[in-house]
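Each ligand, and each atom within it, is numbered from 1 in the order the structure gives.
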Amino acid sequence: MDTHSSHLTAPNRSRSSQSPSPSHSSATSSIHKRKLASDDHAPPFPPSSLSADTRDGALTSNDDLESISARGGGADSDSDEDSDEEAPEAANAEDSDEDDSSIRTFTTARLDAANAGVGSGSARNTKIKTENLSSSATVKIENSDGTKDGGAQGTGPAGPTAPAGSSAPGIVVKEDATKIFTENIQTSGAYSAREESLKREEEAGRLKFVCLANDGVDEHMVWLIGLKNIFARQLPNMPKEYIVRLVMDRSHKSVMVIRRNLVVGGITYRPYISQKFGEIAFCAITADEQVKGYGTRLMNHLKQHARDVDGLTHFLTYADNNAVGYFIKQGFTKEIHLEKDRWHGYIKDYDGGILMECKIDPKLPYTDLSTMIRRQRQAIDEKIRELSNCHIVYSGIDFQKKEAGIPKKIIKVEDIPGLREAGWTPDQWGHSRFRIVSASTDNAIQQKHLTAFMRSLLKSLNDHVDAWPFKEPVDARDVPDYYDIIKDPMDLKTMSKRVESEQYYVTFEMFVADVKRMFANARTYNSPETIYYKCSTRLESHFQSKVHSGLQSVNKIQQ
Ligand SMILES: CC(=O)SCCNC(=O)CCNC(=O)[C@H](O)C(C)(C)COP(=O)(O)OP(=O)(O)OC[C@H]1O[C@@H](n2cnc3c(N)ncnc32)[C@H](O)[C@@H]1OP(=O)(O)O
């Protein structure tokens, strides 16, 4: 037993890692080959509440691992992960060095046990349970409030999470205040929305975040194996033996997302209590649950736990190249500000990874950031209200229209609700885009001239020999599919109504746009050889010549 368990300690970890041979092809990670710290500069094993005697602890032999794994494989948790990874894992066993023989035993036994069925798995379970119960050195991580991590499901948030309605140290958020903020602000960013939704799931007991280590508790071991399986699948370039070793190493802790008693993902880290920093070894979410916010919430729980329970101020990690973006979004930087003597020689070196650092804020309510963001939004919103009226929403303009799109009543610009309040004055008319064709200041006279001009053009069109197809709106009874194809119909009769209303065409361009639309419709619906198409072309050139001569005579009068 002693020989088996000793590989969990630092020297053996280094020795075994000297010949890692990750031969997997990469699906989700870039090459992430370990180049572990050698024995000579491996730091003394730091005193930690988790580094209890490994010989008498809960997991004391590969037999234990085998039986747990067998049971884990048989459970609903991550059963697909297991089945998918078994073949490569077995194949990979050949690559392992001698120090990994225990892991090979573990893998083989797991396969055997899984094949043997539930019966043999439960026999193993019983054995572990007995051993665990008799083990006085089993270390259990407890929450600051004294409850055990990974407690029974349905008992509310577990792990280091602050209970609902409470707040993180240093920040007091009363429930009522939270409610007001929540109700007042309707929209929240994607970050807050995801955090809030997961927080609600936690409060409803459907989701929990637990932080635990290899403590021998039956349920915890199943979860750890489930997490190991996710790591093995999501980090295909990482030797599986190495993953098992660290996840099961008692100096490492794992924060896990558990949903319906299944592990969704997690982060395994090693807290260096004396150095006040932690090293994130692995981080992954199961494939079909990625980019749903679990990774972010997981990291927030980790930070809160590491600060409040472990007393850490920083995290370091060798981030996989593909995951650098994720770590940046979690507040990690490539610049390392932590004094080198606090971490150098402690953390493991990796090839192909980028060393990143995250400073843990001493006050931030990491598991309730969405409430804090709401409060900040509320404060900014109130300040804006003090300085401007942009939050006031006026009733809209009644755009109800009579036949031919003519407004039922004329609305004076100055009567538009909110316009004056926004600082508009009538002398700003010149900035309006609804300008009459002439630069004259007498709008009424200009409108009369415009109407007369449009009336004369319409008469000229109506009198033309090719006008007959355009005099009336197309009758859908005659041409059933016409309005399926022509969505913006126009005809001379409708234009005439608009001209006579003296309200519709406030610019000449609006009138011309209707004429052009009428001809374009004819050429859209009809093919070029048809009479309708030819009529539209001839009538349009007639219209253009009339407009041209009409505008020339207007110009002459104005000169
Ligand atoms: C030390 C190490 O272990 S390094 C290896 C890290 N692990 C892996 O690469 C394994 C495969 N990937 C995963 O397991 C997951 O995608 C994780 C752990 C990287 C992220 O977990 P998720 O649940 O997907 O993250 P979450 O949904 O909270 O996303 C947070 C943000 O990061 C972004 N993000 C997630 N993964 C990545 C990525 N690989 N690269 C860049 N951005 C990412 C998301 O788009 C999201 O952005 P947004 O807030 O602007 O919308």
### Message
Side chain or backbone, does Phe282 bring an N or O within less than 3.5 Å of an N or O on ligand 1?
### Response
no

## Note on the structure
ligand 1 atoms nearer than 4.0 angstrom to some heavy atom of Gly295 are 21 (O), 22 (P), 23 (O), 25 (O), 28 (O)

### Task
Using distance alone, determine whether Asn322 and ligand 1 share an N or O pair under 3.5 Å.
yes

### Message
Are any of the N/O atoms on Ile285, whether in the backbone or the side chain, positioned under 3.5 angstrom from an N/O atom of ligand 1?
### Response
yes

### Salt-bridge contact Arg385-Asp381 (side-chain N to carboxylate O under 4.0 Å)
yes

### Query
Short N/O distance, under 3.5 Å, between Glu289 and ligand 1?
no

### Query
Do Lys383 and Glu386 meet the salt-bridge criterion of a basic N to acidic O distance under 4.0 Å?
yes

### Task
Using distance alone, decide if ligand 1 has a nitrogen or oxygen within less than 3.5 Å of any nitrogen or oxygen in Cys283.
yes

### Message
Which residue in the set Arg206, Arg297, Lys208 passes side chain to side chain donor-acceptor pair (under 3.5 Å) when paired with Glu201?
### Response
Arg206

### Shortest reach to atom 15 (C) of ligand 1 by a heavy atom, considering only Met238, Gln290, Glu195, Arg233
Gln290

#### Entry: Polar atom proximity, Gly293 to ligand 1 (N or O, under 3.5 Å)
yes

### Task
May I ask whether Phe231 places a heavy atom under 4.0 Å from ligand 1?
no

### Message
Please confirm whether Arg194 approaches ligand 1 to less than 4.0 Å, judged on its heavy atoms.
### Response
yes

### Query
Among Ile230, Val291, Thr296, which one has a heavy atom closest to atom 22 (P) of ligand 1?
Val291

### Task
Would you mind listing which atoms of ligand 1 come within a distance below 4.0 Å of any non-hydrogen atom of Thr317?
1 (C)

### Message
For Lys329, which part has a heavy atom under 4.0 Å from ligand 1: side chain, backbone, both, or neither?
### Response
side chain

### Task
May I ask you to identify, for Tyr191, whether its side chain, its backbone, both or neither come under 4.0 Å of ligand 1 on a heavy-atom basis?
neither

### Query
Considering only heavy atoms of Asp320, which atoms of ligand 1 have at least one such atom less than 4.0 Å away?
4 (S), 5 (C)

### Task
Run the numbers on Glu279 and Tyr346 for side-chain contact (heavy atoms from CB on, under 4.5 Å), then give the verdict.
CA-CA 9 Å; Glu279 177 195 4; Tyr346 282 83; over 6 Å; no

